[in-house]
Amino acid sequence: MKKQLETLISQAVTVLKAQEILPTDLNPTVHIERTRDTAHGDFATNIALMLAKPAKTNPRQLAEQIIAALPINEAISKVEIAGAGFINFFMNSNAQYQVIADIQIAGENFGKSQIGAGKKVQVEFVSANPTGPLHVGHGRGAAYGSVVGNLLTATGFEVHREYYVNDAGRQMDILATSVWLRYLEACGETFTFPSNAYRGEYVRDIAQKLVESHGKNYSHSTATVFADLPLDEPEGGNKDDYIDALILRAKALLNDGYRVVFDAGLNDILSDIKEDLAEFGTTYNQWFSERSLMDDGSIERSLTVLKSNNYLYQKDGATWFKSSDLGDEKDRVVIRDNGQYTYFASDIAYHWNKLERGFDVLIDIWGADHHGYIARVRAALTALGADQTKLNVLLVQFANLWRGTEKVSMSTRSGEFVTLRELRDEVGRDAARFFYVMRRSEQHMDFDLELAKSKSNENPVFYVQYAHARVCSVFRQLTEKGFTQDVALGMTNLAELTAEHETALLTTLARYPEVIERAATQYEPHLIINYLRELATDFHTYYNAHQFLVESDTVRNARLNLITAIRQVLVNGLTLLGISTPEVM
RNA sequence: GCGUUUGUAGCUCAACUGGAUAGAGCACCAGCCUUCUAAGCUGGGGGUCGCAGGUUCGAGUCCUGCCAAGCGCACCA
């Protein structure tokens, strides 16, 4: 309907151009919006206000001319000029019932569209280092990313969901070394655990499994392991130098065994992450290995291109990328003075690889702490001769975790964090997903565990699910009372739906496709939540005000068709969010 | 200091991207279960949209400057 009005206005504008009332070089974007107040009709446009100045006339006069040029359409019952020059449209009351039939025919496809036109979109999200279990901070990215993916699929994009696995690099070496040291402890060695190593309990578990599978094959004495190392930070040294020395020592003493220890840690944690996300309702098309970029020469190849484009130089023994020439604050190291690639080097290759795979749009969903990273990735793509405008980086602000009035502090390294799995166990998958996408992603969010945990009416997810369960309950009652639903009879008697609550619901239902389109194009899943809460409110209000299972066959079936449509939209919306739709609560 | 995100009701957040009288949920107060599930509904109080300018028919929304908070500013990822 909204689209139709846009077309009509555009046609009117074309007519006025032909009459030279409007300048011919004008190409306004027609904006139709739903009115907030029913006194203003069903839809309104500000087109006359926008064009008054270029047309050198006053808005109300122009509005009259636009209305005069408007093609006749039977769905419109009245057009008014209001306020400063708004054009208000009142729709024919018969037209509003069409949405019930639309929903019935489209079913689970109601709300879907083809605005994406099959464009290939890659959505990369979570991509947490496999150095430990996912925590609640990752949960927001997981929920947000998967719903954005669902929305893009629903609007006709071809979506590829991907997790970038940082299975190479220094952090993973620190993990491998941490596992090895815990393994040595399990073998009976005693020493002070490095301050910069991973201290989480899961590291001990991995080490224990290593003992069970490989015995003491990789054990060395404390004296050998710690001989001639620099001091750790608590002893007055540098924690980074100390851990780097331990990594080298581990590699030297273990030789081929290092990879066994390394992979033990990687595989254990990665499979935990995969299981965790799957249980959270977040799935991927691909788990992309950083190590593969190293192995197949992609990193080297991208650096060669950067070099031949004159974007690399040597300084202080390291290789730098001249990102400051392309909008970044400063230049960035790509090869460290010890010959190791930086994380950034593999990320350059990774993003180039994405574009080479032919995606029309890249969406990276990052934690807000990585925002300083955007400029250098864009710079790198430009320097490679690639189109950086295809890259969209969506930042997700961190959720502050609260237990009632107490803020929960978190640090991966110290091992003090609430895991995503713990959160799911406590509040359930539905509530967790709902809470995570309830707010705009850029909004700093407070996540109160106590509130999300509560199985009470304070929890908004139940409110929406309950609306669905209530519709289901009505149909159970229908059977118990010996009625059966006659859809066709209901459809021919939709004009029985004249109560205010009913017309309000018809309008709300008709808005659903617009909400989905907007949520998808703006990457704003919270709009779905807001909408579903509104729809649920409208339904609960209706439920309390009117009896559905009345004696009149025509009224009863008309109402049943209405609530069937409501149930369908609730299902469609909650499914997009990855939230279940229980029939009984 | 520089960059970036945020600042709206007591609290947590919306506001159709510049539109008409800024809205919800908690919390608080007063009501509604013999009726399809009360995880529900009805009514009420609550606001200098951080502050100050500017842009225009019109600003919570755009521009500038302040103030405050979060996050960055590594040869970590």
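Naming: A, B, ... by sequence-line order, numbering from 1 per chain. As a basis for the values below, the full set of heavy atoms in this structure was taken, side chains included, without hydrogen atoms, waters or symmetry mates.
- Side-chain proximity of R439(A) to A77(B), A15(B), C13(B): nearest is C13(B).
- The base of A74(B) lies outside donor-acceptor range of the side chain of D240(A), with no N or O pair under 3.5 Å.
- A donor-acceptor contact under 3.5 Å is formed by the side chain of H371(A) with the base of G3(B).
- Atom CE of M294(A) has more than 12 heavy atoms from other residues, nucleotides or ligands within 6.0 Å.
- The interatomic distance linking W366(A) (CH2) with C76(B) (C1') rounds to 15 Å, in whole Å.
- Taking all atoms of both residues into account, the shortest heavy-atom contact from P130(A) to L175(A) is O-CD2, 3.6 Å.
- Contact annotation for N530(A): backbone-only contact, meaning every heavy-atom pair under 4.0 Å involves sugar-phosphate atoms and none involves a base.
- Between A38(B) and R470(A), a contact under 4.0 Å exists linking OP1 or OP2 to a side-chain N or O.
- Distances shown here put a side-chain N or O of Y463(A) below 4.0 Å from the OP1 or OP2 atom of C41(B).
- Here Q477(A) reaches the OP1 or OP2 of U37(B): one of its side-chain N or O atoms lies under 4.0 Å away.
- At U42(B), one or more side-chain N or O atoms of T541(A) fall inside 4.0 Å of OP1 or OP2 (strictly under the cut-off).
- Between A536(A) and L549(A), the residue anchored nearer the 5' end of RNA chain B, judged by the nucleotide with its closest heavy atom, is L549(A).
- At a cut-off of 3.5 angstrom, counting only N and O atoms as typed in the model, there is a donor on one side and an acceptor on the other between the side-chain of N46(A) and the base of G19(B).
- Residue R36(A) places none of its side-chain N or O atoms closer than 4.0 Å to OP1 or OP2 of G23(B).
- Distances shown here put a side-chain N or O of R440(A) below 4.0 Å from the OP1 or OP2 atom of U6(B).
- For H444(A) and C13(B), the shortest distance from a side-chain N or O to OP1 or OP2 is not below 4.0 Å.
- Take the nearest nucleotide of RNA chain B for F86(A) and for M585(A): the residue whose nucleotide is more 5' is F86(A).
- Glycosidic conformation at C33(B) (O4'-C1'-N9-C4 for purines, O4'-C1'-N1-C2 for pyrimidines): syn, within 90° of 0.
- Side-chain N or O atoms of S292(A) include none that pairs as donor or acceptor with a backbone N or O of F288(A) at under 3.5 Å.
- With F483(A) as the aromatic partner, R556(A) meets the cation-pi criteria of under 6.0 angstrom to the ring centre and within 45 degrees of the ring axis.
- Across all strands, Q547(A) comes closer than 4.0 Å to base atoms (heavy-atom distances).
- Taking atom P in both U6(B) and G10(B), one finds a spacing of 22 Å when rounded to whole Å.
- Nucleic acid contact for H501(A): none, since no nucleic acid atom lies under 4.0 Å from a heavy atom of the residue.
- Residue M445(A) is in sugar-phosphate contact alone, with no base atom involved, counting any heavy-atom pair closer than 4.0 Å across all strands shown.
- The distance from atom CG of D37(A) to atom C1' of U21(B) is 8 Å, rounded to the nearest whole Å.
- The partner of G7(B), taking Watson-Crick or G-U wobble pairs whose two distances both stay under 3.5 Å, is C67(B).
- Contacts of A545(A) with the nucleic acid, taken as non-hydrogen atoms under 4.0 Å apart, are absent.
- At the phosphate of C2(B), neither OP1 nor OP2 sits under 4.0 Å from any side-chain N or O atom of K330(A).
- Which of G40(B), A77(B), C36(B) sits closest to the side chain of H540(A) comes down to G40(B).
- Nucleic acid contact class of S473(A) (heavy atoms, under 4.0 Å, all strands): base.
- In the displayed structure, E500(A) atom CD is contacted under 6.0 Å by at most 12 heavy atoms of other residues, nucleotides or ligands.
- Within the 4.0 angstrom heavy-atom criterion, no nucleotide atom of any strand lies near F344(A).
- Here C26(B) presents its C1' atom at 12 Å from CG of N459(A), a figure rounded to the nearest Å.
- For U12(B), neither phosphate oxygen OP1 nor OP2 lies less than 4.0 angstrom from any side-chain nitrogen or oxygen of Q443(A).
- Remark: A14(B) base-pairs with no nucleotide in the shown strands. Criterion, Watson-Crick or G-U wobble with two distances under 3.5 Å.
- Across all strands shown, U42(B) forms a Watson-Crick or G-U wobble pair, both distances under 3.5 Å, with A30(B).
- Side-chain proximity of H40(A) to A20(B), A77(B), G40(B): nearest is A20(B).
- Taking atom CZ of F435(A) as the reference point, atom P of C13(B) lies 11 Å away to the nearest angstrom.
- Within 6.0 Å of CD on E80(A) lie more than 12 heavy atoms contributed by other residues, nucleotides or ligands.
- Residue contacts shown for E480(A) are absent, as no nucleic acid heavy atom lies under 4.0 Å away.
- Of the candidates L549(A), L497(A), T564(A), V474(A), L497(A) is the only one forming a side chain to side chain contact (heavy atoms under 4.5 Å, CB included) with R559(A).
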